[in-house]
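Structure first, commentary second.
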Amino acid sequence: MHFHILTLFPEMVMDGLNTSITGRAMKNGHITVEATNIRDFAENKHGHVDDYPYGGGAGMVMQPGPVYRAYEYVKNQIDERIKSSQVDSQVTSEENSMLENDGDFQKKPRVIYMTPQGKVFNQSIAEELAKEEDLVLLCGHYEGIDERVLEMIVTDNLSIGDYVLTGGELPAMVVIDAVSRLVPGVLNNDVSAEFETFHDNLLEYPQYTRPEEFMGRKVPEVLLSGHHKNIDAWRREQSLQRTKERRPDLLSD
Ligand code: ADE
């Protein structure tokens, strides 16, 4: 899966994602992450990408031109990659001529604008996004981005919660982390993605490891019994109880 981030702070997202499991997934080739600096697409010598809002008001607004050109650059890269992989995989001559003749043959990529005005991100959205081959994440700064370019390129608006951050970079990293761990091969253990928190809309049961007793607290007896049916039943009961106590809203969905 290929993630493309449009941002004014590429080093911020790349430094964060190069670490830990997402970093390993990049090294192993399960995912690619590329951050494109919107400032590289400014057309003035100062590299300005923002200006005062029409109609007045506080703050600055990101201009549509640099955002649109950065998007076009990324879209071309995606198109080129898809074209070359199709040619590589021995397409018929008929399909080949279709690729050559129709510049618009590739569909528009999914472009996600990170904004507190978006739909609130959750596990089922992560699962849906994990089915895409390419995701473009657009990060805004200042008071936002000129509405016209958003109308032209954005397919989804996503928020990571009802609070306002200084920019879309942390939210984009959250989405990439949650989606990439669902990509086959990224986690060592497929089972852990399947039986974790939010599977079946329930919170995960409590986990224990050695030692069997820690500062007077013992591991629940049933987990030491080796009786798998009883263990499964106990875990299910714990999940339900936990969800009722901590997140009753999940049970009413
Ligand atoms: N940009 C600023 N705040 C945000 C939020 N809560 N979610 C997504 N993008 C944002």
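These numbers come from the heavy atoms of this one structure, side chains and all, not from hydrogens, waters or symmetry mates.
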Full working for side chain to side chain contact (heavy atoms under 4.5 Å, CB included) between Val136 and Ile78: CA-CA 10 Å; Val136 181; Ile78 296 172; 4.1 Å; yes
Full working for side chain to side chain contact (heavy atoms under 4.5 Å, CB included) between Lys119 and Asp156: CA-CA 8 Å; Lys119 192 169 173 187; Asp156 306 70; over 6 Å; no
Lys244 vs Gln241, side chain to side chain contact (heavy atoms under 4.5 Å, CB included): CA-CA, chis, key distance, verdict: CA-CA 5 Å; Lys244 259 185 228 158; Gln241 202 178 310; 5.8 Å; no
Stepwise side chain to side chain contact (heavy atoms under 4.5 Å, CB included) check, Met114 with Phe121: CA-CA 10 Å; Met114 303 312 308; Phe121 185 58; over 6 Å; no
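With contacts defined as side-chain heavy-atom distances shorter than 4.5 Å, the pair Leu251/Leu202 qualifies. Annotation: side chain of Glu133 is in contact with side chain of Arg81 (closest heavy-atom distance under 4.5 Å). Side-chain atoms of Arg39 and Pro66, non-hydrogen and from C-beta on, never get closer than 4.5 Å to each other. Side-chain contact between Gln117 and Asn157: absent, with no pair of heavy atoms (C-beta onward) separated by less than 4.5 Å. Side chains of Ile160 and Leu165 form a contact here, defined as non-hydrogen atoms less than 4.5 Å apart. Contact check for Gln207 versus Arg235: side-chain heavy atoms found under the 4.5 Å cut-off. Between Gln63 and Asp146, the closest side-chain pair of non-hydrogen atoms is not below 4.5 Å. Asp177 has its side chain within reach of Arg181: a pair of non-hydrogen atoms, C-beta onward, lies under 4.5 Å apart.
A ring-ring contact (aromatic ring centres under 6.0 Å, His included) check over residues 5-35, counting only residues at least two apart or in different chains, returns the pairs Phe9-His141. Within the structure, the ring-ring contact (aromatic ring centres under 6.0 Å, His included) test picks out the following pairs touching residues 31-51 (sequence neighbours left out): Phe41-Tyr73, His46-His48.
Heavy atoms of other residues, nucleotides or ligands lying less than 6.0 angstrom from CD of Glu221 number 12 at most.
Side-chain heavy atoms closer than 4.5 Å link hydrophobic residues (I, L, V, M, F, W, Y) into clusters, and following such links, even through other members, never connects Tyr113 to Val61. In this structure, Val164 is not a member of the same hydrophobic cluster as Val175, with clusters built from ILVMFWY side-chain heavy atoms closer than 4.5 Å.
When all heavy atoms of Leu203 and Ser239 are compared, the closest pair comes out as O-OG, 3.0 Å. Smallest separation of non-hydrogen atoms from Cys139 and Ile5: SG-CG2, 3.8 Å. Across every non-hydrogen atom of Ile38 and Val49, the tightest pair is O-CG1, 4.2 Å. Summarising the geometry of Leu187 relative to Arg24, their closest heavy-atom pair is CA-NH2, 4.4 Å, with the distance given to 0.1 Å. The nearest pair of heavy atoms linking Pro53 to Gly59 is CD-O, 3.2 Å. Between Arg242 and Tyr205, the shortest heavy-atom contact is NH1-C, 4.4 Å.
For the atom pair Met1 CE and Ile31 CD1, the distance stands at 9.0 Å (nearest 0.5 Å). How far CZ of Phe3 is from CD1 of Ile112: 9.0 Å, rounded to the nearest 0.5 Å. With rounding to the nearest 0.5 Å, the separation of CD1 in Ile145 from CD1 in Ile153 is 7.5 Å. To the nearest 0.5 Å, atoms CD (Glu169) and CE (Met12) are separated by 5.5 Å. Taken to the nearest 0.5 Å, the CZ atom of Arg148 stands 9.0 Å off from the CD atom of Glu151. The distance from the CE atom of Met173 to the OG atom of Ser180 is 11.0 Å, given to the nearest 0.5 Å.
In this structure Glu212 satisfies the side chain to side chain donor-acceptor pair (under 3.5 Å) test with no other residue, sequence neighbours excluded. For Asp162, the side-chain contact (heavy atoms from CB on, under 4.5 Å) partners are Val120, not counting sequence neighbours. Listed by chain and number, the residues in a side chain to side chain donor-acceptor pair (under 3.5 Å) with Glu72 amount to none (sequence neighbours excluded).
Using a distance-only test at 3.5 Å, with no hydrogens or angles considered, a donor-acceptor pair links the side chain of Thr19 to the main chain of Asp15. Remark: side-chain polar atoms of Thr22 are paired, donor with acceptor, to backbone N or O of Leu17 under 3.5 angstrom.
In the hydrophobic clustering (ILVMFWY side chains linked at under 4.5 Å, chained through shared members), Val219 is joined by Tyr208, Val222, Leu223, Leu224, Ile231, Trp234.
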